[in-house]
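What follows is a single structure, written as structure tokens, with notes after it.
Numbered from 1 within each chain, the chains take letters A, B, ... in sequence-line order.
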2 protein chains.
Amino acid sequence: MAESLLDIAEVAERSGLAPSALRFYENRGLIASAGRNGLRRTYRPEVLDRLALIACARGAGFTIAEIARFLLATPDDTKLRAHMAEKARALEEDIARLTRMRDGLRHASTCMHEPLVECPDFKHSFRRSAALTEPSPGR
Amino acid sequence: MAESLLDIAEVAERSGLAPSALRFYENRGLIASAGRNGLRRTYRPEVLDRLALIACARGAGFTIAEIARFLLATPDDTKLRAHMAEKARALEEDIARLTRMRDGLRHASTCMHEPLVECPDFKHSFRRSAALTEPSPGR
DNA sequence: CCTTGACTTGAACCGCGCTTCAAGTCACAG
DNA sequence: CTGTGACTTGAAGCGCGGTTCAAGTCAAGG
């Protein structure tokens, strides 16, 4: 079984993350090492799934601290579920915003208008977006 | 006409941004003040549209520097258009990623599975997402 | 004239997510 | 036993997007 443990360098390579990032995640509680081989951390292969999860969550705008909370939450945690559902809702809004933004850019990239930035359609999509975005001061 | 100029405090209030942020944007070239009333910056009302645009772009993940480039680009700029189209494509990917994330979270929030994090469906959606996310090292 | 109070400036600081660095420690080869 | 070289640590540094701060300046009011 010790055979199946991965060296930190290997995990780094396979996950595409820097070793420093792995150590960073470890001391933030996002992942755990299985033990040491001398000084070297060794990881169970499942850590790769973890890392994929983390990368994805990061990409979706979750902070490290949030991810840690998710991962450390007590198992049968109803708060966790609520939190997840809440996040799903938030993502819904993000998606809508990005979609509008994408449409605005698409239009802008083909619209002839003299300052491009003044194109009414273009401005319009931002206006709408802004109205929905404003209430959220954070970020 | 001077009547229609807005004081920085007014712009701050209407846009929901801190005055410090307005000054920050100004010295990054994102907005321009119309002049001064004593020491006080005054802005043309159109700056509010600008700010809405900026807020939206920020929300869509553009950096301040990127936005500045967009806004300062020479008008009939074909590179600008190409850049925009490119960004639109990138947003498409982000949207797809967020959508998968949202679905993953939705599932997770109702799925009974003992470490929640180990739910196969849940993991699966991250796996797929990760595969598409990995090539992009930045961010 | 002097105060008040909102603005001005540049510079320092903050939180985030890491990376980089100096200094130390280990396994293994020769 | 001595390198070598990849790891270890904690601390410092970085880029981003601002905020905060000390010190200065102005217009208006008393």
Next item on the list: Figure out the CD/P separation between B:Glu10 and C:dC7, and round it to whole Å.
Entry: 11 Å

Note to self: The criterion is salt bridge (Lys or Arg N to Asp or Glu O under 4.0 Å); which residues satisfy it with B:Arg102, sequence neighbours excluded?
What the structure shows: A:Glu92

Could I get a table of every N or O pair under 3.5 Å where one atom is in the protein and the other is in nucleotides 19-27 of chain C?
residue : atom : partner : partner atom : Å
C:dT19  : OP2  : A:Ser20 : OG           : 2.8
C:dT19  : OP2  : A:Ala21 : N            : 3.4

Margin query: Please determine whether a side-chain nitrogen or oxygen atom of A:Arg36 lies at a distance below 4.0 Å from atom OP1 or OP2 of D:dT9.
Written below: yes

Note to self: Need the bend value for the helix from C:dC1-D:dG30 to C:dG30-D:dC1: angle between end axes, 5 pairs each end, nearest 10°.
What the structure shows: 30°

Next item on the list: Could you note down all residue pairs passing salt bridge (charged side-chain N to carboxylate O under 4.0 Å, His left out) where residues 31-40 of chain A supplies at least one of them, sequence neighbours left out?
Entry: none

Notebook entry, point to check: In whole angstrom, what separates A:Glu26's CD from D:dT8's P?
Noted result: 9 Å

Notebook entry, point to check: Would you say a side-chain N or O of A:Arg41 is under 4.0 Å from OP1 or OP2 of D:dC7?
Noted result: no

Check: Considering residues at least two apart in sequence or located in another chain, which fulfil the side-chain hydrogen bond (donor to acceptor under 3.5 Å, both in side chains) criterion with A:Glu26?
Finding: A:Ser33, A:Arg41, A:Tyr43

Item checked: Spacing between A:Asn27 atom CG and C:dC18 atom P, to the nearest angstrom -> 12 Å

Notebook entry, point to check: Looking at C:dC18, D:dG17, D:dC7, which one has an atom nearest to any side-chain atom of A:Arg58?
Noted result: C:dC18

Item checked: Results of ring pair (Phe, Tyr, Trp, His ring centres under 6.0 Å) for A:Tyr25 - residues two or more places apart only -> none

Item checked: Atom pair distance, as rounded to whole Å: CG in B:Leu30 and P in D:dC16 -> 13 Å

Check: Over how many whole Å does the gap from B:Arg28 atom CZ to D:dT19 atom P extend?
Finding: 12 Å

Note to self: Please enumerate all residues that pass ring pair (Phe, Tyr, Trp, His ring centres under 6.0 Å) together with B:His83, with sequence neighbours excluded.
What the structure shows: B:Phe70

Checklist line | With B:Arg89 via side-chain hydrogen bond (donor to acceptor under 3.5 Å, both in side chains) - residues at least two apart | finding: B:Glu86

Notebook entry, point to check: Is the shortest side-chain N to carboxylate O distance from A:Arg100 to A:Asp103 below 4.0 Å?
Noted result: no

Item checked: d(CD, B:Glu66; P, D:dG17) in whole Å -> 9 Å

Next item on the list: Using whole Å, report how far CD1 of A:Ile67 lies from C1' of C:dC18.
Entry: 13 Å

Check: Which whole-number value in Å describes the distance from A:Leu6 CG to D:dC7 P?
Finding: 13 Å

Check: Can you list every pair that meets ring pair (Phe, Tyr, Trp, His ring centres under 6.0 Å) and has a residue in residues 84-103 of chain A, with sequence neighbours left out?
Finding: none

Next item on the list: Using a cut-off of strictly less than 4.0 Å, decide whether B:Tyr25 has a side-chain nitrogen or oxygen near OP1 or OP2 of D:dG17.
Entry: no

Item checked: Heavy-atom closest contact (B:Met101 atom, A:Ala57 atom, distance) -> CE-CA, 3.6 Å

